[in-house]
Amino acid sequence: MQQLWDQLSRDIQAHTGHGYTITTHNAMGGGCINQAFRISDGHIDYFVKLNSRSHGDMFEVEALSLAEMADTNTVRVPRPICHGHTDTQAYVVLEYLPMNGRLDGAALGEQLAAMHSVTANQFGWHRNNTIGSTPQTNEPMDNWVEFWRERRLLPQFALAQRNGYAHSLDGIRDKLLSDFPALFRQHTPQASMLHGDLWGGNASGLQDGTPVIYDPAFYYGDREADLAMTHLFGGFSADFYSAYQNAWPLDDGFEVRRSFYNFYHIINHLNLFGTGYLGQAISMAEKVLSEI
């Protein structure tokens, strides 16, 4: 590992313009995919993610995503410092932000609305990425309905078929793909900057409550897709939703579109983690279809 720490020291020096020699490296929680460390030279700390060399593209895309989000000066994110690889490992070095989990929900709501107000000319992004460990295609399109069908739903249904769920999902698949455009008859979204994987585990707060979001699955799309995911896996505070709504009210029909957008994440969990999510995926799709 010393070769890795030496290379990281050199890379940090090259990108910051300041001398840096790693003196400590303490393991931290890095999720289910990566190893993670807090490194220090005794003065400045950084956060490092490690994986096999084959994951270098994933780290490059994460760094590009965080830089684009940071440049908006809206929601705080860890700024990327550098990324690269050794003979065997890929790495990304990020700003270290000491977080205690207590975030100011109202501030996050206002700041997320401000980030969503940053828009692009097309839906998608110039780089593909992952949602969890599932490949996520972002090739830009002009039409949001077509983007969601071609870049989000169809790849997940194809993966579900390869995973042996075709018999359970085929009827729902055909009905959902044919009927969901009705959800957008009176809702014409802008191509907003999205975090893309905004559940509670990807948000926290600094000591003073300043919100921080991280681990994005970044692209430009309907802001409601980000808001929808905040309701999964525990949800965010009432202050968060109130502040967002005050800053930029949601369109009528969001409650149904919320379930529709979250179906994408539940079928992804089905594909990643197995049959424990099959019943939830089916019931969520049936709920959406009953309300269209």
Quick one: does any side-chain atom of [X] pair with a main-chain N or O of [Y] as donor and acceptor, under 3.5 Å?
X	Y	value
T23	S40	yes
R152	T137	yes
N129	F218	yes
S283	G279	yes
D226	G196	yes
N138	R127	yes
Q245	L250	yes
D41	I44	yes
T275	L278	no
Q122	Y220	no

Do [X] and [Y] have side chains that get closer than 4.5 Å, going by heavy atoms?
X	Y	value
H187	E224	yes
E286	V288	no
L8	Y46	no
R76	E95	yes
R223	Q190	no
H265	I131	yes
L112	L227	yes
I213	N202	no

Could you tell me whether the side chains of [X] and [Y] share a donor-acceptor contact shorter than 3.5 Å?
X	Y	answer
H55	N34	no
D208	T210	yes
H116	W248	no
Q2	D6	yes
D252	Q186	no

Quick check on the hydrophobic clustering: are [X] and [Y] connected, directly or via other members, by side-chain heavy-atom contacts under 4.5 Å?
X	Y	value
M28	I22	no
L169	I266	yes
F254	L289	yes

Nearest 0.5 Å, what's the [atom1]-[atom2] distance between [X] and [Y]?
X	Y	atom1	atom2	value
L272	I267	CG	CD1	11.0 Å
M284	L176	CE	CG	11.5 Å
L50	T86	CG	OG1	8.5 Å
L97	S204	CG	OG	10.0 Å
D251	D222	CG	CG	8.0 Å
W125	L194	CH2	CG	12.0 Å

Verdict with reasoning, N128 to Q136, per side-chain contact (heavy atoms from CB on, under 4.5 Å): CA-CA 6 Å; N128 296 329; Q136 182 171 261; over 6 Å; no
Test side-chain contact (heavy atoms from CB on, under 4.5 Å) applied to D197 and D215, step by step: CA-CA 8 Å; D197 194 12; D215 291 345; 5.7 Å; no
Whether F147 and F123 hold their rings parallel, tilted or perpendicular, with breakpoints at 30° and 60°: tilted
Trace of the side-chain contact (heavy atoms from CB on, under 4.5 Å) decision for V212 with L103: CA-CA 8 Å; V212 181; L103 63 83; over 6 Å; no
Full working for side-chain hydrogen bond (donor to acceptor under 3.5 Å, both in side chains) between Y241 and T230: CA-CA 9 Å; Y241 297 109; T230 66; 3.1 Å; yes
SB check R79 D71 (cutoff 4.0 Å): yes
CA sep, side-chain torsions, deciding dist, call: Y261, W148, ring-ring contact (aromatic ring centres under 6.0 Å, His included): CA-CA 9 Å; Y261 284 133; W148 197 260; 4.9 Å; yes
Candidate pair I39 and Y20, rule side-chain contact (heavy atoms from CB on, under 4.5 Å), full reasoning: CA-CA 11 Å; I39 62 172; Y20 196 86; 4.2 Å; yes
Residue pair M115 / H195: nearest heavy atoms and the distance that separates them: CE-N, 3.7 Å
Distance flag, aromatic centroids of F157 and F263, threshold under 6.0 Å: yes
